[in-house]
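Below: one structure, written as structure tokens.
Computed from a predicted structure; not experimentally measured.
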Amino acid sequence: GDSVTQMEGPVTLSEEAFLTINCTYTATGYPSLFWYVQYPGEGLQLLLKATKADDKGSNKGFEATYRKETTSFHLEKGSVQVSDSAVYFCALKTGANNLFFGTGTRLTVIP
Amino acid sequence: DGGITQSPKYLFRKEGQNVTLSCEQNLNHDAMYWYRQDPGQGLRLIYYSQIVNDFQKGDIAEGYSVSREKKESFPLTVTSAQKNPTAFYLCASTPTGGARTEAFFGQGTRLTVV
């Protein structure tokens, strides 16, 4: 069945370090891929998305490229800030209501 | 502003009580969802509804019930049959548009059994 496998955390980085959070997926058909971010005590917010192979989603310095050949959608940011500390979820959607989430990766950025 | 409103933000339940969590959206979305999140874990689907007066069980529906009498409202009842209800509950909605449309989330309700 459809699923998302996400890099387990927690991840702790110093400010201005490079971030990569790995995400791979299994899906039939042609899924769309998403990264969501959750700040403490809040709901999830869409960070970026890509709807077809080779698309690059980007927002707030974060990027992820939809790689069909490796079934991956890794999240990257060149220079993290303390304010990026949150939990990040990779997700895929294969139809109108088939939405699958990874287990989340907690990122802590220290000054 | 359009969005999803969950209430209350914090809820306390006594043993054996039923409680209802509210979820209202003014985004005119057809589909609505309820997820449960436990500490350090991902999201697990409880129920979802694609259209008014219709809903489907998700992966962990036991001990929960829902209704969808209006397009904008999808309340979740946590019944006394749910033995471990302490968790963070998230409501979401999506527009029509198949796989390309993202989900929008409320701010969540934290339920604690006392």
Do M7(A) and F101(A) land in one hydrophobic cluster if side-chain heavy atoms of ILVMFWY residues count as linked below 4.5 Å?
no

Same cluster (ILVMFWY, side-chain, under 4.5 Å), L75(A) and V4(A):
yes

Residue part contacting chain B, namely of Q6(A), when any heavy atom lies under 4.5 Å
neither

Please check if F74(B) and I46(B) belong to a single hydrophobic cluster, counting links between Ile, Leu, Val, Met, Phe, Trp and Tyr side chain heavy atoms closer than 4.5 Å.
yes

K93(A) side chain to E102(B) main-chain N or O, any donor-acceptor pair under 3.5 Å?
no

Is it the backbone or the side chain of L44(A) that comes under 4.5 Å from a heavy atom of chain B, or both, or neither?
both

Among Q45(A), Q38(A), K52(A), R106(A), who wins on heavy-atom pairs under 4.5 Å with chain B?
Q38(A)

Tell me whether F105(B) is reachable from V37(A) by hopping between hydrophobic residues (I, L, V, M, F, W, Y) whose side-chain heavy atoms are closer than 4.5 Å.
no

Give, for atom CG of L46(A) and atom CZ of F104(B), the distance between the pair rounded to the nearest 0.5 Å.
7.5 Å

So CD of Q37(B) and CZ of F89(A): to nearest 0.5 Å the spacing works out to 4.5 Å

Nearest heavy atoms of F34(A) and T101(B), plus distance in Å
CZ-O, 4.0 Å

What part of Y36(A) is in contact with chain B, defined as an atom under 4.5 angstrom from a non-hydrogen atom: side chain, backbone, both or neither?
side chain

In the single-linkage hydrophobic clustering (I, L, V, M, F, W, Y; side-chain heavy atoms under 4.5 Å), do L90(B) and L99(A) co-cluster?
yes

Give a yes or no on this: more than 12 heavy atoms of other residues, nucleotides or ligands lie within 6.0 Å of atom CD of E15(A).
yes

Residue, of A103(B), C91(B), A92(B), G108(B), that accumulates the most heavy atom pairs under 4.5 Å with chain A
A103(B)

Could you tell me whether K57(B) atom NZ has more than 12 heavy atoms of other residues or ligands within 6.0 Å of it?
no

